[in-house]
Amino acid sequence: MDRVLYGREAVFHDTGLAARLIGLRGQDFARVAFEHGEDPPVVVFTGGRGMGKSALLKQLRNTYKGATPLALIDCDRIEPPADHGPGWTELTGALAELAVQLSPRVTGAKSVQFPRLSLGLVAVASISWTQEDEERAQRDLQRLGPVLSTVDATKGAATNWVTKVLTKLAATFADAAAPLAGLLAEATVETVLEEVFGRFHQKSENWYGSYRNAGGRGKAGLQQLAIDFEAAGRRRQEAEDFLVGALVEDLGQAYKGLTRVGTRRGRPVLLLDNAHGDLGRRLVEPVLRARHDGRRDKVVVFATSRVSRHEGMRHARRLRLPETTHRAPCERGGDVTSGILAVELTPLSAAQTQAAFDRLDPSGLTPAELARGVHRLTGGRPLGVTLLGQAAAETPRAERPALTPGALLDRDVELREDAHPVPVAPALLAALLPQPRLEPFTVLAAAHDEGSARLLARTRLHTESRDGDMALRVRDQLRAEDWPEGPEHFVADPLLRALLLHRLRFADGDHPRHAAWRAVHETLHRHYDQDAFRPYRLHHELALGRAEDAVAHLRSTFHELDVVGWLGRLRFIASAPYPRVAGRTGPDPRRDAALGRQAPDRLPAGLDAEATELHLSVRRLLHAVWLLTDPLALPDDDVTEKLAHELRQLSGRHLTGNSPLWDAATHWPRDIHAWRRLSLPPGREDGV
């Protein structure tokens with residue numbers, strides 16, 4: 001069943017980006033005027049993990065399958081065949097898979113045949129064959145059967161041609177005097193032409209006459225192709241580029257000379273997931289170079305890239321997804337990469353997140369603010385929204401009214417009907433950060449900057465890497481995945497940081513000691529022992545569940561002249577991750593403290609009545625801010641009102657800085673209701 005893709009209307013609308021490039025409406029395959037005429041750009045959807053790039057390509061496949069030739073591959077997952085030789089590379093494997101997927105008949109037109117690509121793949125496959133290893137040659141030839149079947153299904157699927165090729169190869173080995181790769185390619189190609197190709201398709205050999213040193217002779221071109229492929233380096237790249245051109249040429253030939261009955265209505269579509277890596281570039285760049293040189297084709301390429309500022313897109317035209325709804329201008333410039341239209345996938349809006357939750361859980365039993373809380377936690381990242389929404393829908397009805405974003409992370413969810421449910425937080429983390437060793441990321445998620453991350457790496461991860469700085473390795477890996485960077489957290493993305501801290505808290509199963517969590521925060525607590533870093537020290541005390549020193553510090557510094565600085569320290573200290581207990585039901589313990597229903601275990605000695613009242617007011621305020629800004633909790637109207645009340649009371653207590661405190665009493669509740677970060681100075685629009 002198709003997944004509903006919220007916020008992607010710019011692609012799938014009747015006159016959206018896909019329809020205008022393919023020439024067909026997705027709903028009923030009615031014709032749509034082509035945008036860009038005969039020179040369509042390569043469209044690259046950009047966005048980090050979890051932004052729905054793969055889901056978008058799959059939906060494109062599901063929408064247009066059967067209407068026009070179409071193929072989808074994941075460039076990160078081209079599986080090598082067992083015991084393959086140098087005649088197989090990721091690129092040749094990808095081209096073979098693309099041809100097989102593109103071949104089937106579609107509405108109103110016959111199947112697409114790939115004679116040129118077949119000959120090229122046959123030629124380069126032969127470079128690994130030896131007289132002593134006939135079995136490898138036989139295996140490689142049989143693997144080419146599906147591609148040859150696009151030319152003639154009956155002959156390609158048969159095996160008698162394989163025997164004849166092997167017989168001719170044996171004679172070639174005996175007479176070999178020239179470079180073997182070229183001779184084997186010639187012998188193999190000749191036999192395939194005779195045994196598999198009909199008279200019409202035999203002419204496709206001539207296309208290779210334009211290859212280097214071929215002099216217009218197709219067999220000579222195929223020989224040279226095999227020799228270059230064996231040579232590796234730049235020569236192999238030239239050979240691979242020509243093979244990509246063979247795929248494109250075969251697709252183009254399928255659109256020529258058609259009768260009225262057989263007219264194809266939409267352009268062929270290549271869907272290349274994870275195209276930011278080496279294989280993706282090797283597939284896309286030959287197409288871009290050919291178009292830059294004026295050679296036109298009818299292929300529509302939709303690709304995805306996790307890296308938005310990729311070197312291979314240095315001169316791309318860049319648009320955000322909503323900007324492509326009605327038009328997607330992409331004028332070709334002097335650089336090859338100007339033929340790329342880089343479309344940034346935007347996060348889901350709060351309304352789209354709510355729509356997703358309403359569809360997944362129409363019962364309406366979850367808290368009214370849950371979807372908005374999930375939007376704050378995930379930043380609208382579609383994978384996070386979908387998985388947490390599914391977890392809410394699968395929660396027993398009696399438990400749904402008490403759900404929070406943090407509680408959803410503790411739930412199990414059924415990802416596949418044929419598998420047992422899995423915990424949400426580890427499943428989401430594995431999708432967003434598929435690393436073989438998560439321990440370094442987990443520990444360093446508690447760090448604030450590179451310095452504190454390196455401290456944790458030295459003290460908590462000294463056995464992880466003996467040949468370099470683990471903190472810098474983790475930093476580089478996050479950059480390579482295009483995760484954002486920020487000044488306040490070593491792991492800047494709120495969702496990724498929350499998932500890693502969840503793992504730090506619960507992955508070792510050490511309840512109620514939580515030894516790993518405690519060790520990491522105690523390490524940072526000891527590190528920030530200077531007065532200049534007191535807020536950092538208190539931040540980690542709060543993460544350890546100890547709030548009284550933070551309250552005492554905020555009380556003792558309350559009368560300083562810099563009230564905005566005091567509010568900033570309050571906000572920073574209260575941003576500490578809450579030491580949650582998994583599966584706990586009932587109200588959040590911070591709520592009673594914020595509302596004054598839970599008295600402190602003890603008060604500092606020597607406080608007079610006025611100082612005691614100030615201490616208790618600051619304590620209530622700290623717990624209110626801690627709860628209301630926690631991305632794993634939900635806002636509470638009573639606590640929000642209490643926060644405003646405490647700020648107004650504190651405004652009357654301060655001799656010189658009452659105005660910022662009064663403004664905070666007005667603007668901070670507005671920030672909370674608008675799901676914004678608490679603004680500093682209070683009321684500043686950018687919330688800085």
Side-chain angles (χ1 to χ4, degrees), residues 443-461 469-472 474-475 485-492 494 497 501 504 517-579 604-607 611 614-615 617-619 621-626 629-630 647 650 653-657 659-661 664 668 677-682 684 686-688:
V443 170
L444 300 186
H448 300 280
D449 53 21
E450 195 172 292
S452 56
R454 298 180 75 178
L455 166 76
L456 286 174
R458 290 195 304 271
T459 57
R460 311 304 316 172
L461 300 170
D469 192 312
M470 179 54 69
L472 298 183
V474 168
R475 182 203 65 186
E485 298 183 61
E488 294 187 3
H489 300 282
F490 185 71
V491 179
R497 187 172 66 254
L501 290 174
L504 178 66
W517 173 276
R518 192 171 65 252
V520 167
H521 287 287
E522 289 283 10
T523 298
L524 291 172
H525 177 261
R526 290 191 299 271
H527 172 63
Y528 293 114
D529 58 352
Q530 299 177 12
D531 285 346
F533 298 108
R534 179 66 64 83
Y536 288 87
R537 182 180 179 88
L538 298 174
H539 173 100
H540 292 286
E541 281 211 8
L542 215 57
L544 291 163
R546 305 194 297 261
E548 296 313 312
D549 282 354
V551 175
H553 171 75
L554 290 169
R555 182 206 71 235
S556 65
T557 58
F558 173 70
H559 290 291
E560 293 178 354
L561 294 178
D562 183 11
V563 176
V564 173
W566 185 87
L567 289 170
R569 290 197 299 277
L570 166 66
R571 186 181 71 171
F572 174 75
I573 294 169
S575 68
Y578 181 61
L607 297 183
L614 176 61
H615 185 92
S617 177
V618 169
R619 183 177 186 271
L621 178 61
L622 174 66
H623 281 85
V625 175
W626 195 13
T629 60
D630 185 350
L647 286 168
L650 290 172
R653 290 175 176 274
H654 203 286
L655 298 178
T656 59
S659 179
L661 290 164
W668 280 13
R677 189 184 187 198
L678 300 183
S679 52
L680 281 178
R684 179 167 171 169
D686 60 8
V688 174

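Values below: every heavy atom of this structure, side chains too, minus hydrogens, waters and symmetry copies. Along the sequence shown, the residues carry numbers beginning at 1. Every value quoted in this text rests on a predicted model; they were computed, and no experiment measured them.
The CD atom of Glu541 sits 4.5 Å away from atom CG of Asp549, with the distance rounded to the nearest 0.5 Å. Once rounded to the nearest 0.5 Å, the distance linking CZ of Arg546 with NE2 of His540 reads 12.0 Å. The CZ atom of Arg537 lies 12.5 Å from the CD1 atom of Ile573; values are rounded to the nearest 0.5 Å. We find the NE2-OH distance between His623 and Tyr578 to be 8.0 Å, quoted to the nearest 0.5 Å. Arg526 contributes atom CZ, which lies 9.0 Å from atom CG of Leu524 (distance to the nearest 0.5 angstrom). Here the CD-CZ distance, from Glu450 to Arg475, works out to 4.5 Å after rounding to the nearest 0.5 Å.
A 4.5 Å side-chain heavy-atom check between Glu548 and Arg619 finds at least one atom pair inside the cut-off. Taking the side chain as every heavy atom from C-beta outward, Leu538 and Leu554 never approach each other to under 4.5 Å. Within the 4.5 Å cutoff, no side-chain heavy atoms of Arg569 are placed close to those of Arg534. No side-chain heavy atom of Phe490 sits under 4.5 Å from any side-chain heavy atom of Leu456.
Looking at Trp626, its side chain never comes within 3.5 Å of a backbone N or O of Ser575 through a donor-acceptor pair. With hydrogens and angles ignored, the 3.5 Å screen pairs a side-chain donor or acceptor of His654 with a backbone N or O of Glu560. For Arg460 (side chain) and Val443 (main-chain N/O), no donor-acceptor pair under 3.5 Å exists by modelled atom type. For Trp517 (side chain) and Ala543 (main-chain N/O), a donor-acceptor pair under 3.5 Å exists by modelled atom type. Side-chain atoms of Arg497 come within 3.5 Å of backbone atoms of Val491 as a donor-acceptor pair (strictly under, hydrogens ignored). Side chain of His539 to backbone of Phe572: a donor-acceptor contact under 3.5 angstrom is found.
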Using side chain to side chain contact (heavy atoms under 4.5 Å, CB included), reason through Leu607 and Arg555 one step at a time and then give a plain yes or no.
CA-CA 11 Å; Leu607 297 183; Arg555 182 206 71 235; 3.8 Å; yes
Report the C-alpha distance between Leu678 and Leu570 in whole Å, list the side-chain angles of each, state the deciding distance to 0.1 Å, and finish with yes or no for side chain to side chain contact (heavy atoms under 4.5 Å, CB included).
CA-CA 11 Å; Leu678 300 183; Leu570 166 66; over 6 Å; no
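Using a 30° and 60° split on the angle between ring planes, Tyr528 and His448 fall in the perpendicular class, above 60°. In this pair, Phe533 and Tyr536 present their aromatic rings perpendicular. The plane angle is above 60°, beyond the 30 to 60° band.
Summarising the geometry of Ala447 relative to Ser452, their closest heavy-atom pair is CB-OG, 3.5 Å, with the distance given to 0.1 Å. Considering every non-hydrogen atom in both Ala471 and Ala457, the closest pair reads N-CB, 3.9 Å. Annotation for Val618 and Val551: closest pair CG1-O, 3.9 Å, computed over non-hydrogen atoms. The two residues Leu622 and Ala574 have their closest heavy-atom pair at CD1-CB, 4.0 Å.
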